[in-house]
Amino acid sequence: MAVMRLGYAHVRVTDLAEAKDHYANTMGLYETLSEGNKVYYKAWDEWDHHSVVLEEGGVGLVKYGWKVQYSSDIDEIEKKAQTFGVAVERMSKGENPEIGDGIRFTTPSDHVFEVYHEATLIGTEVGTHNPDSFPRHLVGVGVPALDHSLITAEDPGMMDRFLTDVFGFYATERVQTSLDDDADIIATWMTNSTQIHQLAVLAGPQGKLHHFAFRLGDWTEVGRAADLFSMDDVPIDVGPTRHGITRGQTVYFFDPSGNRNEVFA
């Protein structure tokens, strides 16, 4: 079983026109589909049809999509989720544009997860044969990919166990009440790859989004992003700075609806 990555973050925005300006012109994402009150985006170094979905009508997280390596992984995750005590429903190809069959469930933290294998392939902006280092005409920050997210839950320890048992994740770092094995977990950073974390969970209200993050290459790109945020009047929350946890280089900031974003290297 292999969860490859966080495939998409689907969030609500209060004003779709303002949000489109932010994600397209400041962040540099590419619009791949506009349908009703939803807009779909991908970043330049991503293969699949979309990684960010904006839906007008509020603020906060609608759901996450997790891409798995093989279609059989969907069945395995379904069984593991049911064993954990989570009710799972099947979703059909086309329920999400350009996404294949899969499963959907609500986690113990009250977040909606979708798991799928098939997605329409668009390809990166630099191609596959002797690709350039980056596209020649980047817009704004020009983020290359969606990286990770952080959510809040009343019981981060429960989510740590859930992600371990169902997704095969492991904790790279934790904040807990002591070094004892039975200590209460306050926050956990989890992955199943060399990525420092794919999903982090922090003690807080059920079902809430703390932030979702875009990958950058290094400190120079993080600093350039901060300059662009200043130029575009993007509200900066924290940074540019370096994390203690993960030692990542970062800027936290807000989209026009108040969803917290991050650029992370």
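Note that these values count all heavy atoms, side chains included, but never hydrogens, waters or copies made by symmetry. Source: prediction; values computed, not measured.
Of all heavy-atom pairs between H22 and F254, the closest is CE1-O, 4.2 Å.
The pair R12-E56 does not count as a salt bridge, with every side-chain nitrogen at least 4.0 angstrom from each carboxylate oxygen. Between D160 and R174 there is a salt bridge, since a side-chain N of the basic residue sits under 4.0 Å from a carboxylate O of the acidic one. Between K20 and D255 no salt bridge is recorded (no basic side-chain N to carboxylate O distance below 4.0 Å). Salt-bridge formation is detected for the pair R136/D132: a Lys NZ or Arg NE/NH1/NH2 atom is positioned less than 4.0 Å from an Asp or Glu carboxylate oxygen.
W47 places a side-chain heavy atom less than 4.5 Å from the side chain of T124. Counting heavy atoms from C-beta on, the side chains of F169 and V3 come closer than 4.5 Å.
The OG atom of S109 sits 12.5 Å away from the NZ atom of K208 when rounded to the nearest 0.5 Å. Note: L54 CG to K38 NZ = 11.5 Å, rounded to the nearest 0.5 Å. Atom CG of D21 sits about 11.5 Å away from atom CG of L16, to the nearest 0.5 Å. Here I151 contributes atom CD1 and S149 contributes atom OG; the two are 7.0 Å apart, rounded to the nearest 0.5 Å. Between atom OG1 of residue T164 and atom CE of residue M159 there is a gap of 10.0 Å, rounded to the nearest 0.5 Å. Between the OH atom in Y40 and the OG1 atom in T32 there is a gap of 9.0 Å [rounded to 0.5 Å].
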Next item on the list: Evaluate the criterion ring pair (Phe, Tyr, Trp, His ring centres under 6.0 Å) for residue pair H243 and Y252; output intermediate values, then yes/no.
Entry: CA-CA 11 Å; H243 280 301; Y252 286 112; 5.5 Å; yes
Next item on the list: Go through the steps for V11 and L209 under the test side-chain contact (heavy atoms from CB on, under 4.5 Å), then give the verdict.
Entry: CA-CA 9 Å; V11 297; L209 170 68; 4.2 Å; yes
Margin query: Evaluate W189 against I245 for side-chain contact (heavy atoms from CB on, under 4.5 Å), listing each step before the verdict.
Written below: CA-CA 9 Å; W189 285 257; I245 297 291; 3.4 Å; yes
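Ring orientation note: the planes of H211 and H148 are nearly perpendicular, at an angle over 60° on the 30°/60° scale. Using a 30° and 60° split on the angle between ring planes, Y8 and Y116 fall in the parallel class, below 30°. Relative orientation of the Y41 and Y23 rings is tilted, given thresholds of 30° and 60° on the angle between their planes. Using cut-offs of 30° and 60° on the angle between ring planes, the pair F113 and F167 is parallel.
With respect to E114, the side-chain hydrogen bond (donor to acceptor under 3.5 Å, both in side chains) criterion is satisfied by exactly one of K67, R104, H10: R104.
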Side-chain donor-acceptor pairs of residues 229-242 under 3.5 Å, sequence neighbours excluded:
residue : atom : partner : partner atom : Å
D232    : OD2  : T26     : OG1          : 2.8
D237    : OD2  : R260    : NE           : 2.9
R242    : NH1  : R247    : O            : 2.5

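Here V126 is tied into one hydrophobic group with Y30, W44, F134, L138, each link being a pair of ILVMFWY side chains closer than 4.5 Å.
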